> 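Structure in structure tokens, see below.
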Amino acid sequence: MHAPDSPQGPQGPQASHAAQSVTLPVSLDEAVAALTAMPAAVPVAGGTDLMAAVNAGLLRPAALVGLGRINEIRGWQYQDGHALLGAGLTHARMGRPDFAALIPALAAAARAAGPPQIRNAGTLGGNIASAAPTGDALPVLAALEAMLVIVGPGEPGTAGSTGSTGSAGSAGTSSREIPVSHLLAGREMLRPGELIGFVRVPLLHAPQVFLKATGRTGPGRAVASVGLVLDPARRGVRCAIGAVAPMPLRPLEAEQWVASLIDWDGGRSLAPEALEAFGEYVAAACVPDQGEPVAPGVLHLRRTVAVLARRALGRALTS
């Protein structure tokens, strides 16, 4: 949906300096049409990343397409055992109790996203599109194996396929789904005229945890974070580490190893030494050695990741 998280309906002096024109669509169809007509335009929502880049002189978009008036992407709905989340959901909205009952780890990440002004403006889609390594929602979405519903121009003369999401479905508009991890890793990119419309998240009805460690990198900015979910139906553990690399990292071997040790039929118990070893396993996979001797900063980050992974799994198993 968004380019770097940006203003919902940008107005005022900052917006006038940032772009030559501003378009404010009220539907996904209109947004896709505007982006198709203006290939240089940047879609914007909360403003938390994009305006910082504009004010720093790093970005000067020729045009903006504000997404703040598109109501269809500001809520969520249930669909086939999944939650279909609008990309315009703000962190503040996701942090509320009703959303926390639905996807607890994503709600926890939203509440940790920064001060109130950031949580009130920043959006789920903007967090994904800006793909900042410290984005709090990203490791949770990676652990949940979320899918993105990408909305864009359809083939000439064909009807759009986005009606299945309850959104746009008119001729000239189409949708496709890609794993969030593919976009974050650069394996798939948004095409001209496309934006992130929705995020499809499985409802596991099982424990899930988000934790992060902060440092002197700015208010609330993570130096490391973890999203961890249990999947009892598949007897699996899914873990993603954020902020230590350009995209969230999945320690797949550590996940498989610890899942094989959990007593899924007896209260999901795990020996304390296995819990400790899991943290070390995750840390070694996500913060590898960078030559000898290992730099103190690397050792500290590895210890931080080990503690976060161990605590996250411990909390999930006892929830």
Side-chain angles (χ1 to χ4, degrees), residues 1 71-113 119 123-128 135-151 161-167 175-184 196-212 225-242 248 250 252 255-256 258-259 262 264-265 267-268 312-319:
M1 163 177 190
N71 289 330
E72 62 196 293
I73 59 174
R74 296 174 66 85
W76 69 84
Q77 57 184 283
Y78 302 100
Q79 190 177 82
D80 301 326
H82 292 71
L84 192 67
L85 311 178
L89 277 167
T90 64
H91 301 306
R93 183 64 190 88
M94 291 188 290
R96 295 180 187 172
D98 58 341
F99 191 92
L102 190 70
I103 313 173
L106 192 55
R111 289 192 294 266
R119 298 197 303 272
T123 63
L124 177 62
N127 210 211
I128 297 167
D136 291 319
L138 304 186
V140 176
L141 294 173
L144 288 168
E145 297 181 343
M147 300 290 292
L148 303 179
V149 180
I150 308 297
V151 182
S161 60
T162 55
S164 64
T165 66
S167 61
S175 71
R176 61 188 178 100
E177 294 197 11
I178 63 173
V180 66
S181 58
H182 285 198
L183 185 68
L184 297 177
I196 302 170
F198 301 89
V199 182
R200 190 186 306 278
V201 176
L203 297 176
L204 299 176
H205 305 294
Q208 49 186 258
V209 177
F210 169 78
L211 297 174
K212 76 174 183 179
S225 60
V226 60
L228 186 143
V229 301
L230 300 185
D231 189 350
R234 293 191 288 179
R235 300 195 171 206
V237 175
R238 299 206 294 271
C239 174
I241 301 299
R250 288 279 303 275
L252 298 177
E255 293 176 1
Q256 296 165 3
V258 80
I262 295 173
W264 295 100
D265 298 317
R268 296 197 294 259
L313 181 58
R315 292 186 187 184
L317 292 172
T318 56
S319 296

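Remember, it's a predicted structure, so these values are computed and weren't measured experimentally.
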> Identify the heavy atoms of A316 and L228 that sit nearest to each other, and give their distance.
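Scanning both residues, the minimum pair turns out to be CB-CD2, 3.7 Å.
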> Indicate yes or no for a side-chain donor-acceptor contact from R238 to the backbone of A143 under 3.5 Å, with no hydrogens or angles considered.
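Yes; judged by distance alone, with no hydrogens or angles, the pair exists.
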> Taking the side chain as C-beta and beyond, is there a heavy-atom pair between R93 and W76 under 4.5 Å?
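A side-chain contact exists here, since the closest heavy-atom pair is under 4.5 Å.
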> So, taking the atom named CG in L124 and the one named CG in L148, what distance separates them when rounded to the nearest 0.5 Å?
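Here the rounded value is 8.5 Å.
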> Would you say K212's side chain and A112's backbone share a donor-acceptor pair under 3.5 angstrom?
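Side chain of K212 to backbone of A112, a donor-acceptor pair under 3.5 Å: yes, one is there.
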> I'd like to know if the side chain of W264 reaches the main chain of R234, judged simply by a donor and an acceptor atom lying under 3.5 Å from each other, with no hydrogens or angles considered.
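Absent.
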> Under the side chain to side chain contact (heavy atoms under 4.5 Å, CB included) criterion, do E255 and L313 qualify, and how do the steps go?
CA-CA 10 Å; E255 293 176 1; L313 181 58; over 6 Å; no
> Got a second to check how far L84's CG is from I73's CD1, nearest 0.5 Å?
11.5 Å
> How close do F99 and A107 get, counting heavy atoms only, and between which atoms?
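Heavy atoms only, the tightest pair is CD2-CB, 4.1 Å.
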> Please test V201 against L141 for side chain to side chain contact (heavy atoms under 4.5 Å, CB included), starting from the C-alpha separation and ending with a verdict.
CA-CA 8 Å; V201 176; L141 294 173; 4.3 Å; yes
> Quick one: does L230's side chain get under 4.5 Å of L204's, heavy atoms only?
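No. Closest side-chain heavy atoms not under 4.5 Å.
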> Got a second to check how far R74's CZ is from L89's CG, nearest 0.5 Å?
8.5 Å
> Can you tell me how far apart OG1 (T90) and CG (N127) are? Round to the nearest 0.5 Å.
12.0 Å
> Between Q208 and L144, does a side chain to side chain contact (heavy atoms under 4.5 Å, CB included) hold up when you go through it step by step?
CA-CA 9 Å; Q208 49 186 258; L144 288 168; 4.1 Å; yes
> Distance from Q79 atom CD to F198 atom CZ, nearest 0.5 Å?
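Those atoms lie 9.5 Å apart.
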> Any chance you could lay out the side chain to side chain contact (heavy atoms under 4.5 Å, CB included) test for V199 and V149, step after step, and finish with the verdict?
CA-CA 6 Å; V199 182; V149 180; over 6 Å; no
> Give, for atom CD of E72 and atom CD of Q77, the distance between the pair rounded to the nearest 0.5 Å.
10.0 Å
> When you measure from the side chain of R111 to the backbone of G95, do you find a donor-acceptor pair of N or O atoms at a distance under 3.5 Å?
yes
> Considering all heavy atoms of both residues, which atom of A240 and which atom of P139 are nearest to each other, and what is their separation?
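Closest heavy-atom pair between A240 and P139: CB-O, 3.2 Å.
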> Taking R250 for the side chain and C239 for the main chain, is one N or O donor matched with an acceptor at less than 3.5 Å?
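Pair found, side chain donor or acceptor close to backbone of C239.
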> Please report the closest heavy-atom contact between P248 and L184, naming both atoms and the distance.
CD-CD1, 3.8 Å
> Of all heavy-atom pairs between L211 and A312, which one has the smallest distance, and what is that distance?
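Smallest interatomic distance, heavy atoms only, reads CD1-N, 3.6 Å.
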> Which heavy-atom pair separates V151 from G197 by the least distance, and what is that distance?
CG2-CA, 4.1 Å
